[in-house]
Undergrad: 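To start, I am sharing the structure in question, which I have written as structure tokens.
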Amino acid sequence: MLATVVFPFMNAHEETASTTEGEIGMRMAALCALMAASLLGACSTHQVPMTYSPAAVQRPPLAKPNVEVLTVTDARKYTGKHLGAIRGGYGNALKTIEASGPVKDVVHKAFEDALNARGLLASTNGGSYGLDITVEKLDCSQLVRKEAHARFRVAVLDKSTGQPVYSKVVQDDREGAGNPFITGVFGSVEELSKLTNDSMQAAIDQALDNPAFLTVVRAH
């Protein structure tokens, strides 16, 4: 008696479908891994220069080197070098932007350069007046639209008495055009940092070109 042998052949259609599903799964896994790697690679920190440009400064008519920068205090929520970030759709920082040094030192140098451009900067311990500056805000951000903000509290001290003779808060807020296709990992660190630098410069100009300030330091 002949035994009946049954060979379990797979239907050709089923075999093709199974192979296709396996290939799709492998490709999806590879794509997910690539996207994860891209996301991790996109999270970066960028240090940018923050400088004062004297190009458009007008020297006060009675300017004399009689003012020095005494102290700068960083009173922001995030101190140190932090300036801001270009963010992703969930608000996560993709490109963090920092100053090249502590913000209080950057602002100190910027005010000195601004005073010098106006003929007001005294040598160390050589002036009659000193500036006590508080950095209340200096930051930037971009989700779609670019934003930058600067706010300084500037007090003038009479060095002979140590008493304040003038105080003013100056502030600059500015926005850059937003493009939903040029943001996130495609956002420009250079453009956002320039907006921040321009905001810092504008706030410093407000402080030092104010007629009341110039009268106090006898340059107007």
Side-chain angles (χ1 to χ4, degrees), residues 30-58 69 72-118 133-154 169-209:
L31 181 59
C32 289
L34 181 61
M35 289 175 65
S38 298
L39 269 174
L40 288 172
C43 298
S44 54
T45 299
H46 304 261
Q47 291 195 352
V48 299
M50 295 283 289
T51 58
Y52 182 86
S53 171
V57 169
Q58 292 187 352
V69 180
V72 177
T73 303
D74 188 352
R76 302 172 304 148
K77 181 178 179 181
Y78 301 105
T79 57
K81 299 179 180 181
H82 183 82
L83 291 173
I86 297 173
R87 301 187 176 277
Y90 296 101
N92 52 311
L94 296 177
K95 298 180 181 180
T96 299
I97 299 175
E98 295 181 344
S100 55
V103 164
K104 65 184 183 63
D105 295 341
V106 168
V107 171
H108 191 288
K109 180 67 164 59
F111 265 91
E112 283 189 336
D113 290 344
L115 287 168
N116 189 49
R118 291 165 172 80
I133 302 161
T134 302
V135 183
E136 297 184 344
K137 203 166 192 179
L138 184 58
D139 57 51
C140 61
S141 65
Q142 180 181 1
L143 191 56
V144 176
R145 180 181 55 193
K146 303 178 189 73
E147 296 182 10
H149 312 276
R151 184 170 68 239
F152 306 131
R153 183 178 297 275
V154 180
V169 175
V170 292
Q171 181 167 334
D172 180 83
D173 302 291
R174 55 189 59 209
E175 296 179 356
N179 184 331
F181 300 105
I182 309 177
T183 187
V185 294
F186 302 108
S188 171
V189 170
E190 290 74 18
E191 290 180 6
L192 187 56
S193 61
K194 182 182 184 305
L195 196 71
T196 313
N197 200 106
D198 290 349
S199 187
M200 178 186 75
Q201 172 133 350
I204 292 173
D205 287 344
Q206 283 183 44
L208 302 188
D209 290 337

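When a residue number appears, it is its place in the shown sequence, counting from 1.
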Undergrad: If I take atom NZ from residue K146 and atom OG from residue S141, how far apart are they, to the nearest 0.5 angstrom?
TA: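 With rounding to 0.5 Å, NZ (K146) is 11.5 Å from OG (S141).
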Undergrad: Any side-chain heavy-atom pair from K137 and Q171 closer than 4.5 angstrom?
TA: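 No, too far: nothing below the 4.5 Å cut-off.
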Undergrad: Find the distance between OG (S199) and NE2 (H149) and round it off to the nearest 0.5 Å.
TA: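 The OG atom of S199 sits 7.5 Å away from the NE2 atom of H149.
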Undergrad: For S53, does its backbone N or O pair with a side-chain atom of Q201 as donor and acceptor, under 3.5 Å?
TA: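 Between the backbone of S53 and the side chain of Q201 there is a qualifying donor-acceptor contact (under 3.5 Å).
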Undergrad: By side-chain contact (heavy atoms from CB on, under 4.5 Å), which residues pair with T79, not counting sequence neighbours?
TA: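 Partners of T79 under the side-chain contact (heavy atoms from CB on, under 4.5 Å) test: D74.
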Undergrad: Tell me, do H82 and V103 make a side-chain contact under 4.5 Å, heavy atoms counted?
TA: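 No, side chains not in contact.
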Undergrad: Search all heavy atoms of T196 against all heavy atoms of C140 and return the closest pair with its distance.
TA: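 Between these two residues, the closest heavy atoms are OG1-CB, 3.1 Å.
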Undergrad: Report yes if the side chains of V72 and F111 come closer than 4.5 Å at any heavy-atom pair, otherwise no.
TA: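 The answer is no, as the side chains (C-beta and beyond) never meet within the 4.5 Å cut-off.
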Undergrad: Quick one: pull up CG in L115 and CD in E112 and give me the separation to the nearest 0.5 Å.
TA: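 Between atom CG of L115 and atom CD of E112 there are 8.0 Å.
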Undergrad: Is the closest side-chain heavy-atom distance between R118 and D209 below 4.5 Å?
TA: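 In contact.
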Undergrad: Of all the heavy-atom pairs spanning V106 and A99, show the shortest one and how long it is.
TA: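 Shortest heavy-atom contact: CG2-CB, 4.0 Å.
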Undergrad: Quick one: pull up CG in L83 and NE2 in H46 and give me the separation to the nearest 0.5 Å.
TA: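 Answer rounded to 0.5 Å: 12.5 Å.
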Undergrad: Please report the closest heavy-atom contact between S188 and E191, naming both atoms and the distance.
TA: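 Scanning both residues, the minimum pair turns out to be OG-N, 3.1 Å.
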Undergrad: Run the side-chain contact (heavy atoms from CB on, under 4.5 Å) test against A203 and tell me which residues pass, sequence neighbours left out.
TA: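 Once residues adjacent in sequence are excluded, the partners of A203 under the side-chain contact (heavy atoms from CB on, under 4.5 Å) criterion are A150, F152, V170, D172.
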Undergrad: How many angstroms lie between CD in E147 and CG in L192, if you round to the nearest 0.5 Å?
TA: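 Going from CD on E147 over to CG on L192, the span is 9.5 Å.
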Undergrad: Return the minimal non-hydrogen interatomic distance between L195 and E175, and the atom names on each side.
TA: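 Distance-wise, the nearest heavy atoms are CD2-C, 4.2 Å.
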Undergrad: Could you check if a side-chain atom of K104 sits within less than 4.5 angstrom of a side-chain atom of V135, using non-hydrogen atoms only?
TA: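 K104 vs V135: side chains apart.
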Undergrad: To the nearest 0.5 Å, tell me how far T96 OG1 sits from K81 NZ.
TA: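 Here the rounded value is 13.5 Å.
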Undergrad: Which heavy atom of A93 sits nearest a heavy atom of A85, and at what distance?
TA: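 Nearest pair, atom of A93 first, then A85: CB-CB, 3.9 Å.
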Undergrad: Could you report the tightest heavy-atom contact between L143 and G88, atom names first, then the distance?
TA: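 Closest approach of L143 to G88, heavy atoms only: CD1-O, 3.0 Å.
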Undergrad: Do the non-hydrogen side-chain atoms of D113 and T51 ever get within less than 4.5 Å of each other?
TA: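 Sidechains of T51 and D113: no contact.
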Undergrad: Can a salt bridge be assigned to the pair D198 and K194 using a cut-off of 4.0 Å between side-chain N and carboxylate O?
TA: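 Counted as a salt bridge, because a side-chain N and a carboxylate O are separated by less than 4.0 Å.
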